[in-house]
Amino acid sequence: MLAYPSSIDLSSRTLRFLTGQPAVRRQEIGTRWRRLSAARQSLPALAHLRCGDTYAQLAAGFGIGIATVFRYIREAVEVLSALAPSLAEAMRTIRAKAFVILDGTLLPIDHIAANTPYHSGKHKRHRENVQVPTDDPFGRLLRASPALPGSTHDLTAARRHGIIIEALADAGLKCRADKAYQGAGEPVRVPFRGRRLKRWKRRHNTTHAKIRCVGEQAMATLKDWRLLRKLRCSTNRITDVVKAVLVLHHASA
């Protein structure tokens, strides 16, 4: 396989942040020698998460085996996902805010047609459902929930993770969300549904959309990590991958 020099559209600060994590891991497990240094080990992980490069491409570019690339990336994802904030930590962050924006996204996955639970009826493709609370007013992504099969409705996913009933209601926080969360209850405000709405309801929907667009922009920036545009790993690892991307997204901001 041919190899050529390439680039990653991230700052050196992100590389330094990621380099420190495998270095600590090596000290904890007592690693004596590895083919690549901690800094060089971080580059394949960044290229995989940011650019979506495959294991075979990275192995050819760095002159190591595919199995070695897999181990390096898996280790980086594990140490990063452990740094991701929990739901309780995210709630403590937004308690001083006026409200929170809640949105869900469906991440494309590489699955066969027989895997019905992962098939999204909305997109007609196999996907994973991830719920992401967004902080106001700058659209900071606070937390990514564990991934669920793509056939799961957004409201069902939010309730299953305890985002609405337990976290928002108990904290007394107001939440803005789209029509998918209709019927969530008092903490969540959604736009009015229907085509022939009264004028005041149309004004309410316009104001609601202007507030919620911050969350939409934040979700769009998350998709800059091109691995999330087509996940080819096991569904058991998707949650850790999304959390690792979220930690690196905060580190590069």
Side-chain angles (χ1 to χ4, degrees), residues 9-10 49-50 52 84-85 87 90-91 93-94 97-109 120-161 163-164 167-168 173-185 187-195 197 201-231 238-239 241-253:
D9 54 340
L10 293 171
L49 295 173
R50 184 69 175 184
L87 180 59
M91 289 299 107
T93 302
I94 63 175
K97 306 298 180 179
F99 58 88
V100 64
I101 302 171
L102 177 62
D103 199 3
T105 184
L106 292 171
L107 302 177
I109 60 175
S120 170
K122 177 180 179 181
H123 296 278
K124 310 300 181 184
R125 293 179 61 185
H126 290 80
R127 294 176 181 258
E128 283 270 347
N129 186 308
V130 177
Q131 299 294 306
V132 183
T134 307
D135 192 6
D136 138 88
F138 302 107
R140 178 179 172 83
L141 298 173
L142 295 175
R143 177 183 180 268
S145 69
L148 292 174
S151 60
T152 308
H153 194 272
D154 281 341
L155 179 57
T156 302
R159 282 175 170 166
R160 186 174 300 179
H161 296 311
I163 296 176
I164 293 177
L168 296 178
L173 293 171
K174 297 179 180 179
C175 176
R176 302 296 194 277
D178 58 23
K179 296 178 182 178
Y181 299 89
Q182 194 85 26
V188 182
R189 295 185 179 181
V190 298
F192 291 102
R193 303 180 65 176
R195 296 183 179 180
L197 297 176
K201 290 185 177 181
R202 293 197 300 268
R203 289 198 302 265
H204 174 273
N205 285 358
T206 301
T207 304
H208 187 277
K210 290 179 179 179
I211 296 174
R212 198 169 54 82
C213 72
V214 178
E216 297 286 351
Q217 294 171 359
M219 295 294 290
T221 60
L222 189 64
K223 298 294 181 64
D224 287 342
W225 297 82
R226 288 177 280 281
L227 180 66
L228 299 184
R229 300 178 187 177
K230 185 67 173 181
L231 288 160
I238 289 179
T239 297
V241 169
V242 175
K243 289 183 178 180
V245 167
L246 185 63
V247 171
L248 287 175
H249 177 73
H250 288 166
S252 62

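Keep in mind that the numbers below use all heavy atoms, side chains included, and drop hydrogens, waters and symmetry copies.
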Report yes if the side chains of [X] and [Y] come closer than 4.5 Å at any heavy-atom pair, otherwise no.
X	Y	result
V100	L102	no
D178	R212	yes
L10	W225	yes
L248	R50	no
V247	K243	no
P85	L142	no
T221	H249	yes

Gap separating the [atom1] atom of [X] from the [atom2] atom of [Y], nearest 0.5 angstrom:
X	Y	atom1	atom2	answer
L228	T105	CG	OG1	8.5 Å
N129	D154	CG	CG	5.0 Å
R160	H153	CZ	NE2	12.5 Å
D103	E216	CG	CD	4.5 Å
L197	R202	CG	CZ	7.0 Å
H208	R176	NE2	CZ	6.5 Å

Between the main-chain N or O of [Y] and the side-chain N or O of [X], is there a donor-acceptor pair closer than 3.5 Å?
X	Y	value
N205	F192	yes
H250	V245	no
R193	K179	no
R229	K223	yes
T152	L148	no

On a heavy-atom basis, which atom in [X] and which in [Y] lie closest, and how many Å separate them?
X	Y	answer
A177	P191	O-CD, 3.4 Å
A147	I238	CB-CG2, 3.8 Å
Y181	G104	OH-N, 3.3 Å
K230	I109	NZ-O, 3.6 Å

Residue pair S145, V130: steps toward the side-chain contact (heavy atoms from CB on, under 4.5 Å) verdict: CA-CA 6 Å; S145 69; V130 177; 4.3 Å; yes
